[in-house]
Amino acid sequence: MQPIQSVKGMNDILPEEIALWRFAEEKAREIFQRFGYSEIRTPIVEKTELFTRGIGEATDIVEKEMYTFQDKKGRSLTLRPEATASIIRAYIQHQMHVKSHQKKFYLIGPMFRHERPQKGRYRQFHQINVEVFGIDEPMLDAEVMFLACLFLREIGLKEVSLEINSLGCPNCRISFREILQEYLLQYQESLCPDCNRRVYKNPLRCFDCKAPQCKEILSNAPLILDFICDSCNRHFQEVQNFLRELNVEFIINGRMVRGLDYYVKTAFEIVTEHLGAQNAVGGGGRYDGLMKDLGGPDLPGIGFALGMERIILLLKDSAKLQQDNNQMIYCVLLGDRARAEGFKLAQKLRSEGFIVDLSYEDRSAKSQMRTANKMGARMAIIIGDDELSQGVVQLRDMHRSSQWVVEIEELVPELRSILNES
RNA sequence: GUGGAUGUAGCUCAACAGGUUAGAGCACUGGGUUGUGGCCCCAGAGGUUGGCGGUUCGAGUCCGCUCAUCCACCCCA
């Protein structure tokens with residue numbers, strides 16, 4: 001009989017890794033809270049239409065990467081491939097623009113995209129998302145990017161860089177689109193088949209192409225930065241000024257375009273060279289028309305997403321933090337009476353707040369001690385018939401290799417003082 | 001969706017050109033100390049060589065199919 005495996009591209013997060021995940025998540029919560037953000041959690045399943053309208057019909061995500069299925073009444077539902085659309089949906093649905101002053105949100109959770117898995121890319125993956133609605137000030141754009149960088153720095157990721165660009169507003173983009181299209185059509189025969197398609201559908205995306213001949217053609221292509229309108233340009237300049245004031249290092253990448261249709265003006269990515277083919281740790285940008293497109297008030301928005309798995313991958317080869325069992329107490333029980341008494345004692349210690357494990361099997365003292373050692377326990381409590389008859393236990397400090405006798409009544413204060421001082 | 005690589009013990013890998021009973025290190029269990037960890041020594045357990053089929057006197061090894069994983073394309077977090 002074949003054992004059942006997890007679904008392709010959907011991975012278990014095992015206990016050894018959990019410490020890293022919690023570390024990153026808790027750090028995110030703490031920092032976002034400090035900046036005035038509130039956590040929000042939305043369902044993992046939404047009506048398919050939310051994403052087709054929100055992300056854009058012509059994007060790869062919508063065209064071929066969504067987990068879409070029918071429910072029992074024939075409605076089309078989809079496992080969320082990203083979070084922004086859901087958060088906006090919730091914001092509109094609960095009329096938060098009139099009912100509350102809350103406009104800054106973060107969400108941590110799983111997303112789903114049906115792609116072929118590879119390093120740093122999975123079918124179920126986790127994102128940390130940040131979204132702000134109702135403010136279109138460049139100051140906020142800068143602060144949002146600062147926040148993303150601050151978080152990565154505080155969890156210890158150094159070798160990442162921030163790339164920014166402006167994609168203009170819908171007005172300047174339409175005219176630039178034509179200019180770019182005209183340029184690209186001159187070289188139509190040399191462009192790869194994909195780019196030949198993109199020239200008509202979404203010429204901006206040709207900038208993402210990695211085919212050598214396309215790269216060369218694009219290297220001389222007009223850049224949107226040279227064509228954005230005055231107001232977009234002013235916005236972009238101010239964003240840069242605020243970034244400098246916040247001491248955020250960045251580079252302008254005029255060839256960066258993002259894969260989701262809704263971005264306008266500020267777009268950014270945080271990239272690294274240590275993730276194989278996946279170089280983005282996170283990315284985001286402004287999406288001023290999106291809330292209105294989804295049937296809500298005409299409020300601007302900006303946000304970003306960070307890829308948890310990618311962060312964890314980077315964290316793993318840089319800072320190696322080890323599981324901390326420094327506070328654990330392991331009970332070594334010798335003989336039937338000791339096993340019965342020790343079992344009760346373990347529960348008592350747990351109720352006092354100690355982290356306690358014990359040997360459930362009747363094994364030799366040596367093997368129980370070995371187990372205590374392997375688990376990294378700080379203290380061992382050794383209980384045998386001799387000790388029981390005298391109302392005491394042996395207490396062993398596994399780090400210092402010292403051992404002494406303690407009255408059972410004195411055990412709790414004794415343990416407390418040892419564990420507190422270390 | 002396309003291409004490439006790899007599947008042998010829990011892990012990392014061996015096994016000459018097809019040839020007995022598929023090995024080693026680490027990990028695991030027990031012992032060396034009638035009740036004491038890490039180091040050391042001894043012993044033990046653990047495999048339908050991913051699966052199915054084919055060639056052959058004989059297949060871990062060769063062939064076909066299939067499944068899985070990884071990497072890359074594509075795209076993105």
Side-chain angles (χ1 to χ4, degrees), chain A residues 1-9 11 55 58-65 80-84 108-130 148 152 160 192-195 197-198 202 205 208-211 214 256-260 269-272 275-284 303-314 330 332-335 338 359 361-388 393-403:
Chain A
M1 184 126 95
Q2 293 289 330
I4 296 170
Q5 281 190 287
S6 66
V7 175
K8 184 199 281 284
N11 303 126
I55 301 170
T59 57
D60 281 357
I61 293 179
V62 169
E63 271 183 354
K64 50 193 196 198
E65 295 172 4
R80 64 181 181 200
E82 60 115 38
T84 304
I108 302 177
M111 307 295 155
F112 303 84
R113 290 184 202 169
H114 193 110
E115 303 177 89
R116 196 81 158 249
Q118 68 187 75
K119 188 181 175 78
R121 196 179 76 183
Y122 311 99
R123 289 185 172 179
Q124 175 176 114
F125 61 101
H126 297 75
Q127 285 188 338
I128 300 177
N129 277 263
V130 160
L152 293 174
V160 294
C192 74
D194 282 336
C195 283
R197 260 193 6 253
R198 291 191 268 231
N202 190 350
R205 297 291 292 290
D208 275 337
C209 190
K210 282 160 191 154
C214 296
M256 181 183 73
V257 291
R258 310 229 57 237
L260 289 77
E269 276 181 8
I270 298 173
V271 298
T272 174
L275 279 176
Q278 266 61 241
N279 64 347
V281 182
F304 64 79
L306 299 168
M308 274 297 284
E309 281 79 359
R310 294 180 183 180
I311 287 171
I312 299 295
L313 277 172
L314 292 172
Y330 194 87
V332 172
L333 310 176
L334 306 166
S359 176
E361 296 154 301
D362 186 15
R363 298 191 303 154
S364 71
K366 175 177 185 151
S367 73
Q368 292 187 49
M369 288 301 290
R370 274 184 180 162
T371 303
N373 183 239
K374 274 171 205 145
M375 295 207 301
R378 171 62 201 277
M379 301 299 296
I381 298 175
I382 300 152
I383 311 171
D385 292 343
D386 297 352
E387 285 82 6
L388 277 180
V393 298
Q394 299 273 349
L395 205 51
R396 185 175 179 83
D397 185 322
M398 299 296 281
H399 286 11
R400 295 177 190 161
S401 300
S402 54
Q403 185 168 326

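These numbers come from the heavy atoms of this one structure, side chains and all, not from hydrogens, waters or symmetry mates. Letters A, B, ... mirror the listed sequences (proteins, then strands); counts begin at 1.
Under a 3.5 Å cut-off, the side chain of A/Glu115 and the backbone N or O of A/Glu65 do not form any donor-acceptor pair. The backbone N or O of A/Asn11 lies less than 3.5 Å from no partner atom in the side chain of A/Gln124, so there is not a single donor-acceptor pair.
For the pair A/Arg370 and B/G38, the criterion of a side-chain N or O lying under 4.0 Å from OP1 or OP2 is met. Proximity of A/Ser364 to the phosphate of B/U36: no side-chain N or O atom is located under 4.0 Å from OP1 or OP2. At the phosphate of B/A72, neither OP1 nor OP2 sits under 4.0 Å from any side-chain N or O atom of A/Arg116.
Here B/U29 is the nucleotide among B/U29, B/G30, B/A77 with the atom lying nearest to any side-chain atom of A/Lys374. Considering only the side chain of A/Asn373, B/G38 comes nearest among B/G38, B/A77, B/C76. Closest contact between the side chain of A/Ser367 and the listed nucleotides B/U69, B/C76, B/G30 involves B/G30. Distances were taken from every side-chain heavy atom of A/Ile382 (C-beta onward) to each of B/G37, B/C76, B/G35; the shortest belongs to B/G35. Among the nucleotides B/A72, B/A77, B/G31, the one closest to any side-chain atom of A/Ala305 is B/A77. The side chain of A/Met398 lies closest to B/G37, out of B/C73, B/G37, B/G35. Side-chain proximity of A/Lys366 to B/G32, B/C74, B/U29: nearest is B/G32.
The partner of B/A5 is B/U69, by the rule that a Watson-Crick or G-U pair needs both atom distances under 3.5 Å. Applying the Watson-Crick and G-U wobble criteria (two distances, each under 3.5 Å), B/G25 pairs with B/C11. Pair assignment for B/U48 gives none, since no Watson-Crick or G-U wobble pairing has each distance under 3.5 Å. Under the Watson-Crick or G-U wobble criterion, with both distances below 3.5 Å, B/C57 is paired with B/G19. B/G30 is paired with B/C42 under the criterion used here, namely a Watson-Crick or G-U wobble arrangement in which both key atom distances are under 3.5 Å. Within the shown strands, nothing qualifies as a pairing partner of B/C74 under the Watson-Crick or G-U definition with both distances less than 3.5 Å.
Among the heavy atoms of the strands, none lies under 4.0 Å from A/Glu269. Among the heavy atoms of the strands, none lies under 4.0 Å from A/Gly335. Using a 4.0 Å heavy-atom distance criterion, A/Asn279 is classed as a base contact. Within the nucleic acid shown, A/Val332 has no heavy atom closer than 4.0 Å to any nucleic acid atom.
Spacing between B/U8 and B/A68 at atom C1', rounded to whole Å, works out to 15 Å. Distance noted for atom P between B/G46 and B/A24: 14 Å (whole Å). Separating the P atom of B/U61 from that of B/U55 is a span of 15 Å, rounded to the nearest Å. The gap from the C1' atom of B/G44 to that of B/A5 amounts to 38 Å, rounded to the nearest Å. Rounded to the nearest Å, the gap between the P atom of B/U12 and that of B/G19 is 26 Å. On the P atoms, B/U21 is 14 Å away from B/G58, given to the nearest whole Å. Remark: the separation of the P atoms in B/G10 and B/A17 is 28 Å, to the nearest Å. Separating the P atom of B/C40 from that of B/G18 is a span of 40 Å, rounded to the nearest Å.
Comparing A/Gln5 and A/Gly307 along RNA chain B, the residue whose closest nucleotide (by nearest heavy atom) sits nearer the 5' end is A/Gln5. Comparing A/Glu309 and A/Arg396 by the nucleotide of RNA chain B whose heavy atom lies nearest to each, the residue mapping closer to the 5' end is A/Arg396.
If you measure from atom NE2 of A/His114 to atom C1' of B/G1, you get 9 Å, rounded to the nearest angstrom. Between the C1' atom of B/U36 and the CG atom of A/Leu334 lies a distance of 8 Å, rounded to the nearest Å. Rounded to whole Å, the distance from CG on A/Asp385 to P on B/U34 is 16 Å. In this structure, CD of A/Gln118 is placed 16 Å from P of B/G4, rounded to the nearest angstrom. What separates CG of A/Asp60 from C1' of B/A77 is a distance of 15 Å, to the nearest Å. Straight-line distance from the CD1 atom of A/Ile381 to the P atom of B/G37: 18 Å, rounded to whole Å. Between the CD atom of A/Glu115 and the C1' atom of B/C71 there is a distance of 15 Å, rounded to whole Å. Atom CZ in A/Arg123 sits roughly 14 Å away from atom C1' in B/C70 (whole-Å rounding).
In this structure, the separation between CD on A/Glu361 and CD on A/Gln368 is 9.0 Å, given to the nearest 0.5 Å. The distance from atom CG of A/Asn129 to atom CD of A/Glu82, rounded to the nearest 0.5 Å, is 7.5 Å. Taken from NZ in A/Lys8 to CZ in A/Arg116, the straight-line distance is 6.0 Å, to the nearest 0.5 Å.
Under 3.5 Å, the side chain of A/Ser401 and the base of B/G37 form at least one donor-acceptor pair of N or O atoms. Contact of A/Gln368 with B/U36 (side chain to base): no donor-acceptor pair of N or O atoms is detected under 3.5 Å.
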Audit row: A/Arg121, A/Arg113, side chain to side chain contact (heavy atoms under 4.5 Å, CB included) steps and yes/no: CA-CA 9 Å; A/Arg121 196 179 76 183; A/Arg113 290 184 202 169; over 6 Å; no
Audit row: A/Ile382, A/Gln403, side chain to side chain contact (heavy atoms under 4.5 Å, CB included) steps and yes/no: CA-CA 10 Å; A/Ile382 300 152; A/Gln403 185 168 326; 3.9 Å; yes
Working for side chain to side chain donor-acceptor pair (under 3.5 Å), residues A/Arg310 and A/Thr272: CA-CA 10 Å; A/Arg310 294 180 183 180; A/Thr272 174; over 6 Å; no
